[in-house]
Structure formats: C-alpha cells, structure tokens
Participant: 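Input: one structure, supplied below.
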Amino acid sequence: MRYDLVIFDNDGVLVDSEPISNRILAAYLTELGHPTTYEDSIRDYMGSAVHRIHDLVLERSGQRLPADFDETFHGRVFDAFRRDLLPVPGAAEVLSTLETEGVPYCVASSGSHERIRVALRKTGLYERFGEKRIFSSQDVGRGKPAPDLFLHAAEVMGVPPVRCAVVEDSPLGVRAAVAAGMDVYGFTAMTPGEKLSHGTALFTSMSELPALLA
C-alpha cells in the first residue's frame with residue numbers, strides 16, 4: 001500500500017454509532033426547548049466535537065445549554081451504545097488487511113476518550129488499537145474541521161502528513177484531513193457523496209477501501 005499510516009474516524013466509520021447518537025441528541029435538544037430533528041442533527045453535528053453543539057445552540061437561540069448537558073447526553077449515548085452498538089460491516093476486515101500488509105493504523109475521533117473506548121469495547125475492536133493508537137479531540141485545542149487532531153495523530157505515530165490516509169464520513173472530517181495535507185477517503189454510507197466531494201475518493205462499502213488504499 002502507498003501509505004505509511006491510515007487514520008480512521010470512529011463514529012460511522014468503525015462503529016455504527018451515528019444513527020444512535022443523533023437520535024438521542026435530537027430528542028434531548030428538543031426536550032430542552034431547541035426543536036431538532038434527526039436530519040437536523042446529522043446535518044449540523046455529525047462528526048463534530050460536543051462544543052459545537054453548545055456553540056450552535058447559543059448562536060441560534062441566544063441561550064446556553066445546561067451545565068450538565070454533556071454529562072447527561074453522554075450518559076444516554078453510552079447506555080444505548082452498551083445495548084445496541086454494532087461495528088460498521090467490513091471494518092474489522094479492513095483492519096485485518098492493513099495488518100497483513102504491515103500498514104499501521106490508528107483512530108482519531110471528535111468524540112471523547114471515554115466515548116471512543118465504550119464504542120470500541122462494545123464492538124470488539126478495542127484490542128485492535130490499544131491505548132497508544134487512540135486519539136480524541138480532547139487531545140488538541142481545536143476539533144474538526146481544524147486539522148489539529150489529524151496532525152497530532154500523525155506526529156505521535158511518527159508519520160509525515162503526506163504519507164497518511166484518512167477515512168472519514170463527515171464533511172467536517174474531510175475538511176480537517178484536507179487542511180492537514182492528507183489524502184482522505186469519504187465513506188458515503190450515511191453522507192451524500194457531494195458533501196464529501198473534496199476528498200481523494202469516495203466509497204460506499206468497506207469492502208472497496210483496501211483497493212483504494214493500495
């Protein structure tokens with residue numbers, strides 16, 4: 001393969017968490033008096049760190065979310081993950097292919113470290129990464145679409161950005177990878193391809209990814 005590191009987003013790429021978390025987010029915001037549909041949540045918040053939720057609600061309504069918003073939201077999401085979360089079909093097979101080819105990989109997610117670990121453990125993928133190959137927006141000052149998280153992951157893994165490939169499913173993530181100077185492959189299982197069109201290439205099934213990275 002032509003890359004020395006493959007950086008995976010987590011939500012929607014490794015674990016099928018976006019439908020779960022966005023349903024919960026839409027319902028919770030609506031409960032708090034900020035009417036939000038599932039489609040609104042996908043459009044506005046998919047792929048972003050939780051601070052973006054606070055920022056957009058404040059910008060649109062002039063009201064701040066409750067001080068315990070993050071704790072309550074994450075508690076609801078983690079409970080649902082532990083019950084219902086599944087890996088994205090084919091994700092484990094892609095990791096196995098990279099291992100066979102000797103290509104290092106890691107995960108770099110807008111989610112918190114706790115969220116990433118809850119998700120990876122529930123789906124049986126945690127052991128594929130271990131503690132040293134998990135990166136969160138908590139590690140940097142700015143989350144996606146800033147390039148900081150991907151640049152941080154590449155630096156820790158010891159690989160120049162130009163030798164990295166990113167696998168993403170959100171417009172914010174694609175923008176972050178492009179800003180980091182990395183090739184980025186847009187996964188269109190949940191996101192229309194036109195919203196990821198700034199990427200290097202698009203794919204609809206994980207079975208297509210190894211050939212794109214070759």
Side-chain angles (χ1 to χ4, degrees), residues 1-22 38-39 41-48 85-111 116 119-120 122-126 128-129 133-135 137 143-147 149-151 153-154 157 159-214:
M1 292 189 179
R2 64 181 185 271
Y3 298 104
D4 295 331
L5 176 66
V6 180
I7 304 175
F8 290 90
D9 178 41
N10 189 46
D11 295 295
V13 171
L14 295 173
V15 300
D16 194 17
S17 54
E18 295 291 9
I20 296 172
S21 59
N22 281 284
Y38 172 75
E39 291 75 17
S41 184
I42 291 287
R43 181 194 66 223
D44 294 339
Y45 304 118
M46 182 172 159
S48 65
L85 187 61
L86 296 171
V88 167
E93 288 75 10
V94 170
L95 300 182
S96 294
T97 298
L98 293 175
E99 290 165 5
T100 299
E101 296 287 338
V103 179
Y105 59 83
C106 64
V107 57
S109 170
S110 292
I116 299 167
L120 292 179
K122 173 61 171 66
T123 55
L125 297 176
Y126 175 78
R128 310 295 288 267
F129 292 90
R133 291 190 287 163
I134 295 175
F135 303 97
S137 61
K144 305 170 189 178
L149 176 57
F150 291 138
L151 292 173
M157 296 293 292
V159 178
V162 70
R163 298 295 302 160
C164 297
V166 174
V167 185
E168 265 287 355
D169 71 328
S170 76
L172 293 176
V174 168
R175 286 168 54 193
V178 170
M182 301 176 180
D183 285 354
V184 54
Y185 295 88
F187 185 37
T188 62
M190 283 193 61
T191 307
E194 59 267 22
K195 293 189 176 182
L196 306 177
S197 59
H198 296 302
T200 307
L202 304 177
F203 65 104
T204 59
S205 168
M206 280 292 161
S207 63
E208 302 169 49
L209 184 56
L212 293 174
L213 297 173

Participant: Can you pull out every side-chain hydrogen bond (donor to acceptor under 3.5 Å, both in side chains) where at least one residue sits in residues 196-214? Sequence neighbours excluded, please.
Facilitator: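 Sorted pair list: T204-E208, S205-S207.
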Participant: Nearest 0.5 Å, what's the CG-CG distance between L14 and L95?
Facilitator: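 Answer rounded to 0.5 Å: 6.0 Å.
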Participant: Could you check D9 against V166 for side-chain contact (heavy atoms from CB on, under 4.5 Å), going step by step and ending with a plain yes or no?
Facilitator: CA-CA 8 Å; D9 178 41; V166 174; over 6 Å; no
Participant: Compare every heavy atom of A176 with every heavy atom of A146, then report the nearest pair and how far apart it is.
Facilitator: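 Closest heavy-atom pair between A146 and A176: O-CB, 3.3 Å.
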Participant: Considering only residues two or more places apart or on different chains, which pairs with a residue in residues 87-97 satisfy side-chain hydrogen bond (donor to acceptor under 3.5 Å, both in side chains)?
Facilitator: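 For residues 87-97, and leaving out neighbouring residues, the side-chain hydrogen bond (donor to acceptor under 3.5 Å, both in side chains) pairs sorted by first residue read S96-R128.
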Participant: Quick one, C106 and F135 - any side-chain contact, counting heavy atoms below 4.5 Å?
Facilitator: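 Yes, at least one pair of side-chain atoms sits under 4.5 Å.
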Participant: What closest approach, in Å, do A91 and M206 show between heavy atoms, and which atom pair accounts for it?
Facilitator: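 Heavy atoms only, the tightest pair is N-CG, 4.0 Å.
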Participant: Are D169 and T191 close enough that a side-chain donor and a side-chain acceptor fall under 3.5 Å?
Facilitator: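 Result is no, nothing qualifies.
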Participant: Going by heavy atoms in the side chains, are L196 and P171 under 4.5 Å from each other?
Facilitator: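 Counting from C-beta outward, L196 and P171 do come under 4.5 Å.
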Participant: When rounded to the nearest 0.5 angstrom, what distance separates CG in N22 from OG in S17?
Facilitator: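 With rounding to 0.5 Å, CG (N22) is 8.5 Å from OG (S17).
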Participant: Just how far is it from atom CD1 of I116 to atom OG of S110, taken to the nearest 0.5 Å?
Facilitator: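 Going from the CD1 atom of I116 to the OG atom of S110 covers 8.5 Å.
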Participant: Nearest 0.5 Å, what's the CD1-CZ distance between I7 and R133?
Facilitator: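 Between atom CD1 of I7 and atom CZ of R133 there are 12.5 Å.
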Participant: How many angstroms lie between CE in M1 and CD in E101, if you round to the nearest 0.5 Å?
Facilitator: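 Interatomic distance, M1 CE to E101 CD, rounded to 0.5 Å: 4.5 Å.
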Participant: Between OH of Y3 and CG of L98, what distance do you get to the nearest 0.5 Å?
Facilitator: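 Output value for this atom pair is 12.0 Å.
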Participant: Taking all non-hydrogen atoms of both residues into account, name the closest pair between P161 and A180 and its distance.
Facilitator: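 Nearest pair, atom of P161 first, then A180: CB-O, 3.4 Å.
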Participant: With a 4.5 Å heavy-atom cut-off, do N10 and V15 have their side chains touching?
Facilitator: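 Yes, side chains in contact.
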Participant: Taking all non-hydrogen atoms of both residues into account, name the closest pair between G193 and L202 and its distance.
Facilitator: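 Looking at all heavy atoms of both residues, the shortest contact is O-CD1, 3.6 Å.
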Participant: Does a side-chain heavy-atom distance below 4.5 Å link R175 with K144?
Facilitator: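 With C-beta onward as the side chain, the pair stays apart.
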Participant: Using 30° and 60° as the class limits, which term best fits the ring planes of F129 and F8: parallel, tilted or perpendicular?
Facilitator: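 The arrangement is perpendicular - the two ring planes meet at more than 60°.
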Participant: Is a donor on one side and an acceptor on the other found under 3.5 Å between the side chain of R163 and the backbone of R2?
Facilitator: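 It does hold such a pair.
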Participant: If every non-hydrogen atom of P160 is compared with every non-hydrogen atom of C164, which pair is closest and at what distance?
Facilitator: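 Closest heavy-atom pair between P160 and C164: O-SG, 3.4 Å.
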Participant: For S48 and L172, work out which heavy atoms get closest and say how close.
Facilitator: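 Heavy atoms only, the tightest pair is CB-CD1, 3.4 Å.
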Participant: Does the side-chain contact (heavy atoms from CB on, under 4.5 Å) test come out yes or no for M190 and F187, once each step is laid out?
Facilitator: CA-CA 8 Å; M190 283 193 61; F187 185 37; over 6 Å; no
